[in-house]
Amino acid sequence: MPGGLALIRTAEDLRTFLGTLKEAPFIALDTETTGLDPHRDRLLLVQVGTHDRQGLIDAQKVGKELVVMIGALDKPIVMHHAKFDLKMLATLGERKTLARLLVSDTMLSEQLLHNGRKAGIVAQGFGLAALADRYAGMGLDKSVREGFTQVVSADELTEVELRYAARDVEATYKIFASQMPLLRAEGLLKAAAIEGAASWGFAEMELAGMPIDAAAWKLLVEEADRERAEAKRHLDRLFRDVLSFDLFGAGDLNYDSDQEVEAALKKLGVKVEGTRREVLEATGHPAALAVVAYREHQKIVSTYGRRFLEHIHPTTRRIHTSFKALGAITGRASSSEPNLQNIPATSRFRACFRAPPGRLLITADYAGAELRILAEVSGDPVFVRTFEEGGDLHSIVASRIFQKPVSKNEHADLRARAKAINFGLAYGMGAQGLASQIGSPLDEAEWLLDRYFKAFPSIRGYLERSAHEALRIGFAATLSGRKHWFQDLAQSGADEGTKLRVAKNMPIQGTNADMTKLAMARIARALAEGEVDAALVNMVHDEIVVEAAATAAERAREIVETEMVSAGHEFIRRVPVVVDTHVGEAWQK
DNA sequence: ATCTGTGGCGCG
DNA sequence: AAAGCGCGCCACAGAT
């Protein structure tokens, strides 16, 4: 590093340093912090540079001006796990600049390159050190940078620590330089661009968190707990002949143990294999049904109870989930600690996510996203025309299959059957699956599927053709070019049928992920550029939630809808893209 | 005491 | 129980 390891402490010095990067095609960036929580921990160092020149910026001394100046370079900024660095950079302010950065991410790029062919690299993983070794033959000692928790100023960092901080930037630069031709060769540049652009969106969601009415939530859990206890007493009565009771009259059967439940049911003369809800319901036995009822309440108490509320952040009083941008093999994101993508939809739990006074939540979701994607990729004329005309696809499909007029009011039962087929076929569902889904005999389900595919030959044609082609070439892809290689799946011993179903589903589910992630990126940028008092707060696969000041809510809603539609049309060109929005105090479908 | 795999179930 | 795809969390069960 020219000039040794001197820290850049002023905007003027930073300007001088950045001037030396004029010729670089892109800039690598990394940060050193006192911890992982942007609401509690501090940014110490921001390192920027290339393979042969790195600058170490004292983040607290230079302040938000460093973000402005890096943004003004107008070059792609490459980070390893950009979401984290962006969240820490945001502690300086300048979110508007961060939302506009052209971000690339070496970690996500590597995941895209190995999606479904992790075998052989899984031991090293996707950490910076692993990639530095893989691409640049560089050894990075992460342990040097593990403990800055006691550090209060960049001045305290030792020479060794600063040298490693600079090496991380050098490595990141070299890694991306090597990844780029690979991404290009695999047709993954667009997918990588979406991931990079969305990383600020995920950062914004994690930073903002979801507002929650903890008291209301607690009441719902307590109610479920009472109902659970009542359900248990009921169970004890039903099972009284096959269990023993303690002094307090409580039975010794553990209803959370599937083994014990199965054995106890057997003693009552109810033979089941497994204790899944459908199995228990199929018996029609009161004791089996009582177990189902108990489980319903138990699920609420265990999954959405005390531990869930422990995720409320001590300072923001909000729920800050953690997103994995590439959480699913299809390209979907996942959410954890807590998972905000599996909050009960029909219950009152979603209503507990309430914006604070003076603010509102905008809930926006793609209407029939997967079926529109299927219309796009198959080109089925009926599907395409129905969406063009704004018709009800399930009704149209039912009318075709059953040869009689069907609507939401007329022959609604037939519409429900068509709906089950429509959703199931995107996953490669067979007659047996359909039979159990709609509760009809196997031969009837077979007849239905047959009628369906006769009415829509291009749907079957597309699904069969694309799935077999995917297996032949070794991967399935979305409309952005995102790939799922079948190497790991094959190695796991999956049979032909499983592979075909996965291949059918990937382009549909994955293109939906492409759309939603691109929309997130565009919404975050448009809100920032328009200086709208609003932020992304959650996403659930085909749905985006934004919190806005009440005075800005209508403008934010318009931006959300416009950007979701435009992002959808990047991939869906044959049929309209429709987004339903809802504005209110609470999160609502 | 802690880890890992499994069954079950919440969501799209 | 699953020949319907993708997740994460819970409790249990069996292991270390």
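Lettering follows sequence order; numbering is per chain, from 1.
Atom NZ in A/Lys83 sits 7.5 Å away from atom CE in A/Met107 (nearest 0.5 Å). Separating the OG atom in A/Ser199 from the CD atom in A/Glu204 is a distance of 11.5 Å, to the nearest 0.5 Å.
Not a single donor-acceptor pair under 3.5 Å links the side chain of A/Lys232 to the backbone N or O of A/Tyr255.
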>> Apply side chain to side chain contact (heavy atoms under 4.5 Å, CB included) to residues A/Tyr452 and A/Leu448 and explain how you reach the verdict.
In response: CA-CA 6 Å; A/Tyr452 184 93; A/Leu448 270 173; over 6 Å; no

>> Please evaluate residues A/Phe423 and A/His394 with respect to the criterion ring pair (Phe, Tyr, Trp, His ring centres under 6.0 Å), reporting the C-alpha separation (whole Å), side-chain torsions for both, the decisive distance (0.1 Å), and the verdict.
In response: CA-CA 10 Å; A/Phe423 284 122; A/His394 301 317; 5.5 Å; yes

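Within the structure, every side-chain polar atom (N or O) of A/Lys299 is placed at least 4.0 Å from both OP1 and OP2 of C/dA11. For C/dG6, the OP1/OP2 oxygens have no side-chain nitrogen or oxygen of A/Ser334 closer than 4.0 Å. Here A/Arg307 does not reach the OP1 or OP2 of C/dG8: none of its side-chain N or O atoms lies under 4.0 Å away. Contact annotation: A/Arg332 side-chain N/O to C/dG8 OP1/OP2 distance is not under 4.0 Å. Considering only side-chain N and O atoms, A/Thr303 lies nowhere under 4.0 angstrom from the phosphate OP1 or OP2 of C/dC10. In terms of phosphate contacts, A/Arg295 brings a side-chain nitrogen or oxygen within less than 4.0 Å of OP1 or OP2 of B/dC9. Within the 4.0 Å cut-off from OP1 or OP2 of B/dC11, not a single side-chain nitrogen or oxygen of A/Asn339 is found. Phosphate proximity of C/dA13 to A/Ser257: present, with a side-chain N or O under 4.0 Å from OP1 or OP2.
Looking at A/Arg318 and A/Glu547, a side-chain N of the basic residue comes within less than 4.0 Å of a carboxylate O on the acidic one, giving a salt bridge. Residues A/Glu281 and A/Arg276 are not paired through a salt bridge, judged by the lack of any N-O separation under 4.0 Å between the basic side chain and the carboxylate. Between A/Lys271 and A/Glu262 no salt bridge is recorded (no basic side-chain N to carboxylate O distance below 4.0 Å).
Residue A/Glu296 is out of contact with every strand shown, counting any heavy-atom pair closer than 4.0 Å. If you check every strand for non-hydrogen atoms under 4.0 Å, A/Val502 touches sugar and phosphate atoms only. A/Leu425 comes within 4.0 angstrom of no nucleic acid atom, judged by non-hydrogen atoms across all strands. Here A/Gly424 lies in heavy-atom contact (under 4.0 Å) with a base. Looking at heavy-atom distances under 4.0 Å, A/Ile300 makes no contact with the nucleic acid at all. Residue A/Tyr304 is in sugar-phosphate contact alone, with no base atom involved, counting any heavy-atom pair closer than 4.0 Å across all strands shown. Residue A/Asn254 is classed as a sugar-phosphate contact, given heavy-atom separations below 4.0 Å to backbone atoms only. Within the nucleic acid shown, A/Gln259 comes within 4.0 Å of sugar-phosphate atoms alone, with no base atom in reach, counting heavy atoms only.
The base of C/dC7 is not paired with the side chain of A/Gln341 by any donor and acceptor separated by under 3.5 Å. Between the side chain of A/Glu278 and the base of C/dA2, a donor-acceptor pair under 3.5 Å is found. Under 3.5 Å, the side chain of A/Asn342 and the base of B/dG10 form at least one donor-acceptor pair of N or O atoms.
When rounded to the nearest whole Å, the span between CG of A/Asn422 and P of B/dG12 equals 18 Å. Distance, A/Glu262 CD to B/dG8 P: 8 Å, rounded to whole Å. We find that NE2 of A/His297 is positioned 17 Å from C1' of B/dG8, with the value rounded to whole Å. Distance A/Phe486 CZ to C/dC5 P: 13 Å, rounded to the nearest Å. We find that CG of A/Leu340 is positioned 13 Å from C1' of B/dG10, with the value rounded to whole Å. Between A/Trp587 atom CH2 and B/dG12 atom P there is a gap of 8 Å when expressed in whole angstrom units. Nucleotide B/dG12 holds its P atom 20 Å from the NZ atom of A/Lys324, rounded to whole Å. We find that CE of A/Met506 is positioned 21 Å from P of B/dG12, with the value rounded to whole Å.
Of the two residues contacting DNA chain C, namely A/Ala431 and A/Ser335, the nearest-nucleotide position lying further toward the 5' end is that of A/Ala431. Between A/Val272 and A/Asn505, it is A/Val272 whose nearest contact on DNA chain C lies nearer the 5' terminus.
Rounded to a whole angstrom, the distance from the P atom of B/dT6 to that of C/dA2 is 13 Å.
Proximity note for A/His541 (side chain, C-beta onward) versus C/dC10, B/dC9, B/dG12: the nearest is B/dG12. Candidate nucleotides B/dC9, B/dG12, C/dC10 were compared by shortest atom distance to the side chain of A/Ala345, and B/dG12 ranks first. In the set B/dG12, C/dA11, B/dC9, the nucleotide with an atom closest to the side chain of A/Asp542 is B/dG12. Nearest nucleotide to the A/Ser436 side chain, out of B/dC9, C/dA2, C/dC7: C/dA2.
Side chains of A/Arg277 and A/Arg295 form no contact here, defined as non-hydrogen atoms less than 4.5 Å apart. Residues A/Asn339 and A/Thr321 are not in side-chain contact: their nearest non-hydrogen atoms beyond the backbone lie 4.5 Å or more apart.
DNA chain C contains the following stems of three or more consecutive Watson-Crick or G-U pairs, with both distances under 3.5 Å: B:1-12 with C:5-16.
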